[in-house]
Amino acid sequence: MASASDCISQTGPGLKERNYFGFSDCSSVDRSTVSSAHLESKNNMNMKATELRLGLPGSQSPERDSDFSLLNSVKLDEKPLFPLAPSKDRICTLSQKTVASGNKRGFDDTVDGFSESKTTNFSEGNWMFNATGSDPGQAKLAGNVISIRPSGTQLAIKSEVPAKTLQESTNKIIGTNTANAPAAKAQVVGWPPIRSFRKNSLVTTSKTNDEVDGKPGPGALFVKVSMDGAPYLRKVDLRMYSAYKELSSALEKMFSCFTIGQCGPQGAPTRKMLSESKLRDLLHGSEYVLTYEDKDGDWMLVGDVPWEMFIASCKKLKIMKGSDAIGLAPRSVEKCKNQN
Amino acid sequence: MAYSFPEEVLEHVFSFLSSARDRNTVSLVCKSWYEIERWCRHRIFVGNCYAVSPEIVIRRFPELRAVEMKGKPHFADFNLVPEGWGAYAYPWIAAMAEAYPFLEEIKLKRMVVTDETLELISKSYKNFKVLVLTSCEGFTTDGLASIAANCRHLRELDLRESEVEDLSGNWLSDFPDSCTSLVSLNMSCLGSEVSFSALERLVARSPDLRTLRLNRAVPLEKLANLVRHAPQLVELGTGAYSAEIRSDTFSSLADAFSACKQLKALSGFWDVVPSYLPAVYSVCSGITSLNLSYAAIPSSDLVKLISQCQNLQRLWVLDYIEDSGLEALAASCKDLQELRVFPSDPFGAEPNVSLTEQGLVSVSEGCPKLESVLYFCRQMSNAALIAIAKNRPNFIRFRLCIIEPQAADYLTLEPLDTGFGAIVENCKELRRLSMSGLLTDRVFKYIGTHAKKLEMLSIAFAGESDFGLHHVLSGCDSLRKLEIRDCPFGDKALLANAEKLETMRSLWMSSCSVSFGACKLLAQKMPRLNVEVIDERGPPDSRPESCSVERVYVYRTVASRQRLDMPDFVWTLEEDSSMRYALYVLEALVLFQRWFACLLQFRWKLGTLPLKQEENWLELLKMSTIFTLAELSFTNKDAIFNVIFIRLWE
């Protein structure tokens with residue numbers, strides 16, 4: 001619930017920073033993976049934020065750069081998770097091609113170490129509506145922009161790149177053999193705008209027609225992910241990932257807000273930064289296991305079958321407490337073999 | 001004041017008003033009309049479940065019998081709204097269960113409906129008749145079982161495209177034998193097999209059954225049996241339309257269909273085997289609606305089927321139809337009003353079928369009544385769009401999705417501004433528009449200038465600057481719903497057009513450049529708007545104010561702005577009255593400053609200011625002219641006061 005909790009007063013004499021939106025900082029999703037050094041810089045940033053500024057909001061480039069370099073130093077294979085976060089990627093490639101206005105900084109804020117996107121371009125003092133502060137050199141990218149969303153590296157490849165190189169890098173990055181179809185088109189979330197029901201129907205339609213022997217066809221594959229004790233479900237697109245590791249780190253990120261948030265809105269602000277390793281332990285170690293329900297309605301442990309087989313048979317996911325998962329069938333390989 | 005008519009007379013007059021808008025207008029005439037009207041309103045439509053609260057509705061309308069409601073924003077269909085955002089039906093149903101024991105109809109769209117909700121519905125309303133759940137989720141077949149079992153007078157059960165957890169197909173058997181009132185059953189979204197004998201018996205004992213939409217699991221061999229039990233069907237959705245090619249199956253099917261003299265709509269055709277399509281030829285001449293959008297049928301077979309349907313008004317089809325098929329459609333179906341062409345392989349890099357802009361051009365030429373289009377294709381040109389616009393000035397809905405984001409005119413490599421501009425300029429009655437392709441601010445200028453009747457606009461990967469958004473918000477007089485994704489629209493247009501937002505149902509912006517500071521300002525400025533910042537990266541105030549929010553959803557509401565079911569990734573402005581006070585004072589100060597600056601300017605021109613002070617005053621002047629409220633950084637109101645005072649009296 002929205003309980004008005006004032007943040008720690010970090011500012012100068014007599015000035016109190018108000019948390020306007022009434023939520024404590026418990027569930028800072030992506031902050032959770034950053035070390036304490038970042039916490040300090042965040043405090044600094046808050047101080048700066050209360051400093052008097054009549055300039056354009058956001059004209060604090062130095063701060064932000066250090067912010068992002070810290071985030072960069074964090075393992076980049078903490079892949080943006082839930083299908084929606086990669087919209088950041090979309091924003092960045094967009095920022096490359098459009099003529100920017102004075103408030104382009106918004107895009108840049110969400111950049112996480114994109115090498116190709118333009119670096120911070122805070123047009124200070126650009127008061128007027130039609131800003132000319134951004135690079136005139138950014139040509140509008142007519143036609144296609146393909147941005148691949150792989151694990152680990154984040155790459156925005158323009159369409160001038162010949163298809164061959166695209167193919168190679170795609171294969172390298174995604175790690176699956178995409179020789180079946182031409183270079184896998186990077187999937188922007190929610191584009192093209194087709195309802196899930198129709199998308200999933202398309203997949204099965206093409207499967208029956210093409211006989212792609214067990215390999216899932218193109219298209220998204222959204223499955224629900226639930227977690228014991230979490231108040232609501234999430235959905236993930238299994239086709240976003242090519243290996244278990246990616247999926248698990250994405251789920252970690254997604255559900256970390258629940259595990260941390262167990263302190264509740266009135267909980268201790270000190271818990272707001274969990275170190276990455278501790279989070280890992282929480283989800284991977286003794287406490288929780290990842291399970292899935294397959295086509296036959298059986299609950300299995302995730303990780304036993306090859307990835308392709310897994311996404312072909314997974315209907316939904318569940319993060320269970322380790323103790324609950326004891327009875328689950330560990331060896332699902334035989335079962336799948338029998339099915340095939 | 002003497003009344004000319006007694007209340008009963010007025011009530012009788014009002015009973016002829018079916019449109020909600022008319023009724024809303026009537027209730028604004030005077031207080032007594034408001035009172036009379038509210039007592040005799042029996043159906044309401046709530047376009048946004050958070051725009052109003054159940055208590056308010058119940059207080060105003062005590063005699064409702066039908067409720068229609070929508071929950072999540074449209075972009076939720078494309079997974080842009082995170083799970084758990086809201087739109088729960090339960091609170092509404094629970095409140096209405098007490099207030100409206102005679103409620104008969106509930107129609108929900110994009111809401112979360114749980115099994116508990118369904119059970120509550122089935123037990124609370126003795127006379128419950130109609131349940132329509134479009135794109136809803138959160139329930140299982142157990143919930144359906146309670147509906148089937150408890151609603152004695154059920155007439156419609158329609159689960160269009162909802163996401164149902166399929167626990168078993170046995171729910172259908174829970175319809176009691178005494179239930180003979182069924183008029184419409186749509187279970188096409190379910191996956192699991194229902195007991196066929198139960199289904200058959202249900203159909204056989206429902207003489208009023210007009211609409212039957214089966215799910216994929218009903219095999220073709222059984223279809224004939226079902227259809228035979230219901231020759232009065234008006235709408236039929238088949239199950240899987242594939243079987244081994246056998247002449248007895250075929251003839252049985254063809255016979256069954258030929259008995260359906262009233263059949264007007266066909267859908268389903270999952271996993272279709274084209275050889276079985278001729279079984280429906282006997283009914284084609286009466287068919288007005290054909291939904292083949294789940295059927296992979298090659299173009300030639302499609303053409304054979306469609307050319308028999310001379311009276312076709314609505315066609316939903318996959319792009320297997322290709323340009324040639326659409327040309328044939330244009331030649332044979334002169335009554336066509338609505339066309340939707342869906343992509344069969346939207347994620348493939350290369351086109352798999354020969355469907356281009358030409359298909360749409362042919363249809364626009366050949367079908368004079370065409371007014372609603374949804375078209376997915378891979379290439380488009382301004383020339384084609386201009387031609388389409390000239391051919392069909394009667395478009396009401398025009399939705400074009402070019403699969404590649406920001407695809408330019410493939411002939412000239414220019415943006416598609418002029419093409420879409422022609423559409424809005426020529427189609428004066430256009431109410432809904434979805435655009436795609438490479439678009440600059442110019443197209444928004446055209447839209448703002450011409451699209452005066454536009455009610456819903458969907459934009460993606462378009463525009464260059466805030467001017468684009470500004471044109472739309474300031475120009476489109478009838479705009480009700482605006483949804484934007486991945487466009488470089490930021491704070492300025494939003495804040496400059498804040499009042500406009502209260503005249504609309506909602507605004508959705510995701511992956512744009514709207515800063516958190518602007519969201520706060522907007523919420524401050526417009527107390528009747530709920531500005532929801534939907535951001536999964538943690539609290540927005542842990543990032544700089546200028547940082548863009550992931551998504552913002554703005555809607556007008558008379559209910560509380562702090563809805564109780566907000567998940568932890570949604571932030572709305574907390575009511576802080578002292579902040580509002582500060583805002584007023586600040587505005588006053590700025591006005592004062594401006595006045596003061598003008599005074600100084602005047603004095604300076606007269607040459608009566610000493611030189612030394614001139615620089616200071618000039619600086620002050622400069623500051624005043626560009627010192628708009630929107631530019632203020634709102635993190636620290638006290639400091640800002642200090643600054644203004646210092647500057648003024650320096």
Side-chain angles (χ1 to χ4, degrees), chain A residues 2 4 15 19-23 25 27-31 49-50 52-53 57-58 60 82-85 87 90-91 94 98-99 101 103-107 109-110 127 129 142-145 181-183 185 187 189-195 197 201 205 208-209 218-219 232-235 257 261, chain B residues 77-80 82-84 161 189 271 294 296 343-350 376 401 403-408 413 438 464-466 486 488 490-492 511 513 515 517 520 536-542 544-548 562 567-568 571 573-574 576 626 631 633 635-636 638-639 643:
Chain A
L15 299 173
N19 184 352
Y20 288 113
F21 279 14
F23 272 93
D25 288 341
S27 51
S28 316
V29 177
D30 56 354
R31 300 290 160 158
T50 59
L52 184 62
R53 279 196 334 266
Q60 41 177 25
F82 192 66
L84 281 148
S87 63
R90 208 59 221 161
I91 295 174
L94 193 68
T98 54
V99 176
S101 66
N103 46 6
K104 279 299 290 180
R105 61 190 177 277
F107 287 146
D109 295 347
T110 58
W127 293 88
F129 203 71
N144 311 339
V145 171
K185 231 179 182 54
Q187 288 170 36
V189 173
W191 193 267
I194 303 173
R195 290 193 179 157
F197 181 70
S201 309
T205 307
T208 50
N209 288 350
Y232 46 84
L233 302 177
R234 296 299 191 110
K235 263 192 187 155
C257 59
Chain B
D77 283 350
F78 316 127
N79 295 301
L80 292 180
E83 291 274 306
E161 293 181 347
C189 61
D271 309 317
Y294 296 102
S344 53
D345 184 20
F347 302 108
E350 301 297 321
F376 283 82
C401 177
I403 291 189
E404 185 60 40
Q406 304 187 308
L413 296 183
L438 184 64
E464 303 159 296
S465 75
D466 271 39
D486 292 90
D491 303 342
K492 296 191 161 80
S511 307
S513 323
S515 73
K520 286 204 293 194
E536 290 175 290
R537 296 170 297 176
D541 48 2
S542 61
E545 288 240 327
S546 54
C547 194
S548 293
Q562 297 284 97
D568 64 358
W571 281 270
L573 184 70
E574 202 180 284
D576 181 352
I626 57 181
E631 310 294 60
S633 178
T635 48
N636 192 313
D638 300 308
V643 156

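Note on naming: letters A, B, ... go to the chains in the order of the sequence lines (proteins, then strands), and numbering restarts at 1 for each one. What you are looking at is a predicted structure, and each value in this text was computed from that prediction instead of being measured.
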| query | Can you tell me how far CG of B:N79 sits from CD1 of A:I194, rounded to the nearest 0.5 angstrom? | reply | 11.5 Å
| said: Check whether A:W191 reaches the backbone of B:F78 with its side chain - one donor and one acceptor, N or O, closer than 3.5 Å. | reply: no
| query | Looking only at heavy atoms, what is the nearest atom pair of B:F376 and A:P193, with distance? | reply | CZ-O, 3.4 Å
